[in-house]
J.: 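Quick one: structure below, then a few questions.
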Number of protein chains: 2
Amino acid sequence: MLASEVKEMNEEVPQAAETTTEAVEQDLPPRRVMANKLRADILNGELPPGSPLPSQRELAEKYGVARNTAAEAVKILESEGLIESRNRARPKVRERRRLLRLGAERYSNRLRNETGLSPFRAEVEKQGKTARVNCTSIERVPAPEEIAERLDLPADDDTVVRRENWYFADDEPVQVGITYIPWAIAEGTVLADSPNMGKGSLYGRFEDRGHRITWIREEIGSRMPTPEETKGLAIPAGVPVIDVIHTGIDQDEKPFEVTTFTMRADLNGLDYRIRIED
Amino acid sequence: MLASEVKEMNEEVPQAAETTTEAVEQDLPPRRVMANKLRADILNGELPPGSPLPSQRELAEKYGVARNTAAEAVKILESEGLIESRNRARPKVRERRRLLRLGAERYSNRLRNETGLSPFRAEVEKQGKTARVNCTSIERVPAPEEIAERLDLPADDDTVVRRENWYFADDEPVQVGITYIPWAIAEGTVLADSPNMGKGSLYGRFEDRGHRITWIREEIGSRMPTPEETKGLAIPAGVPVIDVIHTGIDQDEKPFEVTTFTMRADLNGLDYRIRIED
DNA sequence: TAGTGGTCTAGACCACCAT
DNA sequence: TGGTGGTCTAGACCACTAT
């Protein structure tokens with residue numbers, strides 16, 4: 001049997017999504033046809049979340065292709081984030097996970113002082129999960145360029161404290177945050193050397209130094225994870241990360257802290273309520 | 001030559017990224033080793049953006065593997081978003097694209113009235129690009145559940161106007177927005193049937209009906225695109241989409257409009273400046 | 001221990017891109 | 001038109017999962 005070569009996805013552009021399920025299998029190569037069929041089965045509930053896919057050998061026979069080809073079909077669905085293959089076990093339809101919805105209120109001064117909880121902890125516990133934060137390193141380093149810019153550091157003194165934090169929900173790693181603090185602010189405080197921030201957490205200490213969080217800027221992007229992130233956050237195939245560059249700005253419009261977050265997109269989301277200024 | 005089987009990425013969990021470039025090629029399967037080497041070459045500038053990769057046949061020979069295996073190595077990089085293969089041409093190292101940074105100011109009432117520009121148009125032109133928005137459909141439909149919730153619609157009247165808009169920058173499709181407007185608000189206005197919104201754009205018309213945008217809620221997530229989105233937005237492999245559910249809320253705390261955006265993550269980002277309430 | 005997914009090989013045909 | 005990427009086949013070995 002010969003390989004029937006095809007045009008693939010080279011059509012024009014716009015127009016809405018079609019979810020017709022059938023009639024999609026025109027001239028597509030076998031693995032696409034197979035992927036389409038499986039995808040349809042998943043979306044219409046034939047293969048509910050958690051259920052295992054047919055084995056590659058079964059699929060291969062059913063469609064009259066080599067097992068190799070069946071494996072490729074499965075890989076397509078994996079790259080779309082629809083299924084999950086742990087190690088060498090039978091791939092399963094991915095369960096819909098509940099998201100952590102991180103909002104700006106988590107920086108609220110009042111909330112912080114009332115609950116004493118860190119922003120992350122407050123959010124996770126609201127979801128009935130157990131939060132854990134691991135501070136894995138505290139270093140004094142020159143600020144990376146994109147950090148120095150946002151902190152508005154003088155060119156002749158770009159020393160910052162770099163604090164790396166790993167965030168867990170129910171012992172599953174969900175995000176990493178790297179906080180950069182100008183040396184001038186951190187010097188001589190727990191910010192510079194202790195993982196333990198004390199009452200009111202990080203922002204409590206900034207307040208001690210005269211910086212009350214008044215504005216935040218959050219720059220958000222998304223991309224596929226690097227191999228290191230894949231490993232570190234145990235990110236399944238087909239799941240992107242959300243990048244946030246967070247800048248804390250005080251009552252005098254001065255930035256005093258930048259934190260970059262990298263979060264698994266299947267476990268995290270953002271939720272802002274913003275007042276529109278006239 | 002035999003396939004040397006390996007543990008792959010099954011190590012433990014946390015710890016920071018290592019970017020050592022070398023010594024990564026312990027016991028990894030060939031395609032991983034090849035992918036690692038190519039990735040390193042890309043990241044260290046040996047293979048600058050825009051430059052073509054070696055051919056699969058060259059790679060296969062160089063590493064003493066079947067061409068098939070070389071192809072798989074290349075696919076790994078593609079799925080990481082590092083390279084781009086247009087059709088059957090030689091894959092190239094992906095160029096860093098400049099992002100559109102969409103912020104909340106784009107809803108500013110003052111800005112809108114001064115420039116007369118729609119939020120998207122204002123942002124794109126700020127970047128020196130040409131904006132185009134295509135309204136591809138206007139329909140009267142029952143609201144999907146997640147929309148009805150956010151619009152706080154009564155159960156017995158969930159009719160909304162659904163407006164689908166495609167957004168282009170320099171003739172490249174960059175996002176799709178689907179706006180839902182309660183029928184009670186849209187009825188008898190251009191909102192219900194005309195692609196042309198007139199002066200002050202969409203939000204101008206809402207103001208005519210007594211709804212002044214005062215708050216917005218933006219719920220943000222990210223995921224891999226569906227095949228339809230891949231086609232419609234011409235999304236390259238290895239590029240996720242950013243999902244935004246935007247809710248417009250008026251001076252009386254009433255939601256009057258929900259728009260879902262789906263944007264290419266390599267061309268779009270979000271940038272919020274938010275006042276922290278006490 | 002049987003069966004599964006992960007991976008590799010060697011050879012092949014095709015449509016397309018660049019020359 | 002030659003070389004490239006895209007795709008498929010048929011057979012193979014392995015480590016691991018599930019039973």
Side-chain angles (χ1 to χ4, degrees), chain A residues 1-11 25-36 38 50-79 83-94 230 236-238, chain B residues 1-11 25-36 38 50-79 83-94 230 236-238:
Chain A
M1 185 173 289
L2 297 184
S4 64
E5 185 41 45
V6 211
K7 287 216 191 59
E8 293 277 326
M9 330 193 87
N10 289 341
E11 277 109 88
E25 25 195 304
Q26 317 145 1
D27 259 347
L28 297 175
R31 56 182 214 292
R32 299 270 181 207
V33 177
M34 299 172 72
N36 287 349
L38 287 171
S51 64
L53 261 58
S55 85
Q56 293 179 1
R57 287 164 177 88
E58 281 166 14
L59 288 172
E61 194 190 14
K62 176 166 171 189
Y63 288 86
V65 298
R67 180 168 74 99
N68 239 328
T69 304
E72 283 182 86
V74 173
K75 226 170 216 174
I76 289 176
L77 298 183
E78 193 179 33
S79 76
I83 64 174
E84 189 159 12
S85 359
R86 341 177 315 270
N87 223 353
R88 277 162 189 73
R90 191 73 148 267
K92 291 190 185 336
V93 177
R94 181 166 290 163
T230 300
Chain B
M1 184 173 291
L2 296 185
S4 63
E5 186 40 44
V6 212
K7 287 217 194 55
E8 294 275 326
M9 327 192 92
N10 290 342
E11 275 106 274
E25 27 195 301
Q26 318 147 0
D27 258 347
L28 297 175
R31 55 180 214 295
R32 299 269 181 206
V33 177
M34 300 173 72
N36 287 349
L38 286 171
S51 65
L53 261 59
S55 84
Q56 293 179 0
R57 286 165 177 87
E58 280 167 16
L59 288 171
E61 193 190 16
K62 177 167 171 189
Y63 289 86
V65 298
R67 179 168 75 97
N68 239 327
T69 304
E72 282 182 86
V74 172
K75 226 169 214 173
I76 291 176
L77 298 184
E78 193 179 32
S79 77
I83 64 174
E84 187 159 14
S85 358
R86 338 179 316 270
N87 222 351
R88 275 160 188 75
R90 191 73 148 268
K92 290 189 186 337
V93 178
R94 182 167 289 164
T230 300

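Keep in mind that this is a model prediction, so the values were computed, not measured. Side-chain atoms are counted along with the backbone in the values below, which use heavy atoms only and exclude waters and symmetry mates. Every chain is numbered from 1, with letters handed out A, B, ... down the list of sequences.
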J.: Once you round it to whole Å, what is the distance between P of C/dG5 and CD of A/E78?
T.: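 Distance check: A/E78 CD to C/dG5 P gives 12 Å.
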
J.: Is a donor-acceptor contact shorter than 3.5 angstrom present between the side chain of B/R57 and the base of D/dG3?
T.: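 Absent.
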
J.: Run the side-chain contact (heavy atoms from CB on, under 4.5 Å) test on A/L59 and A/V74 for me, step by step, so that the C-alpha distance in whole Å, both residues' side-chain angles and the decisive distance to 0.1 Å come before the verdict.
T.: CA-CA 10 Å; A/L59 288 172; A/V74 173; 4.1 Å; yes

J.: Check the phosphate of C/dT4 against A/S55, side-chain N and O only, distance under 4.0 Å to OP1 or OP2. Yes or no?
T.: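 The answer is yes; a side-chain N or O of A/S55 sits under 4.0 Å from OP1 or OP2.
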
J.: If I take atom CZ in residue A/R88 and atom P in nucleotide D/dC16, what distance separates them, rounded to the nearest angstrom?
T.: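 The distance from CZ of A/R88 to P of D/dC16 comes to 6 Å, rounded to the nearest Å.
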
J.: Pick the closest DNA chain C nucleotide for B/A66 and for A/E58 by heavy atoms, then say which residue is nearer the 5' end.
T.: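 Residue closer to the 5' terminus by nearest nucleotide: A/E58.
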
J.: Measure from OH on A/Y63 to P on D/dT9 and round the result to the nearest Å.
T.: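 Taking atom P of D/dT9 as the reference, OH of A/Y63 is at 14 Å.
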
J.: Does the side chain of B/E84 come within less than 4.5 Å of B/K92's, by heavy atoms?
T.: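 Heavy-atom side-chain distance check fails, nothing below 4.5 Å.
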
J.: Can you tell me the distance, in whole Å, between the CG atom of B/L59 and the C1' atom of D/dG3?
T.: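 Spelled out: CG on B/L59 to C1' on D/dG3 is 15 Å.
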
J.: I want to verify a distance call: between D/dT9, C/dG6, D/dT7, whose nearest atom is closest to the B/R31 side chain?
T.: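 Closest nucleotide to the B/R31 side chain: C/dG6.
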
J.: Expressed as a whole number of angstroms, how long is the span from A/R86:CZ to C/dG6:P?
T.: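 In whole Å, C/dG6 P lies 12 Å from A/R86 CZ.
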
J.: When rounded to the nearest 0.5 angstrom, what is the spacing between CG in B/N36 and CD1 in B/I76?
T.: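 Going from the CG atom of B/N36 to the CD1 atom of B/I76 covers 8.0 Å.
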
J.: If you compare every side-chain N and O of B/R90 against the phosphate oxygens of D/dG5 (OP1, OP2), does one of them come in below 4.0 Å?
T.: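 Looking at the OP1 and OP2 atoms of D/dG5, one of them is under 4.0 Å from a side-chain N or O of B/R90.
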
J.: How many whole angstroms separate atom CD of B/E84 from atom P of D/dG6?
T.: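 Taking atom P of D/dG6 as the reference, CD of B/E84 is at 12 Å.
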
J.: Look at all strands and tell whether A/V65 reaches a base, only sugar-phosphate, or nothing, counting heavy atoms closer than 4.0 Å.
T.: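 Answer is sugar-phosphate: A/V65 comes under 4.0 Å of backbone atoms only.
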
J.: For the pair made of CG in A/N68 and P in C/dG11, what is the distance, rounded to whole Å?
T.: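 In whole Å, C/dG11 P and A/N68 CG are 16 Å from each other.
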
J.: Is the phosphate of C/dT7 approached by B/T69 (side-chain N or O, under 4.0 Å from OP1 or OP2)?
T.: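 So the side-chain polar atoms of B/T69 never come under 4.0 Å of the phosphate oxygens OP1 or OP2 of C/dT7.
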
J.: Between A/R31 and A/V65, is there a side-chain heavy-atom distance shorter than 4.5 Å?
T.: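 A side-chain contact is absent here, since even the closest heavy-atom pair is not under 4.5 Å.
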
J.: Would you please confirm or rule out a distance under 4.0 Å between OP1 or OP2 of D/dG3 and any side-chain N or O of B/Q56?
T.: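 Negative; the distance criterion is not met.
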
J.: Would you state whether a donor and an acceptor, one from the side chain of B/R67 and one from the base of D/dG5, lie under 3.5 Å apart?
T.: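 Flag set: donor-acceptor pair detected.
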
J.: Quick one: does B/R90's side chain have a donor or acceptor within less than 3.5 Å of a partner on B/L53's backbone?
T.: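 Present.
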
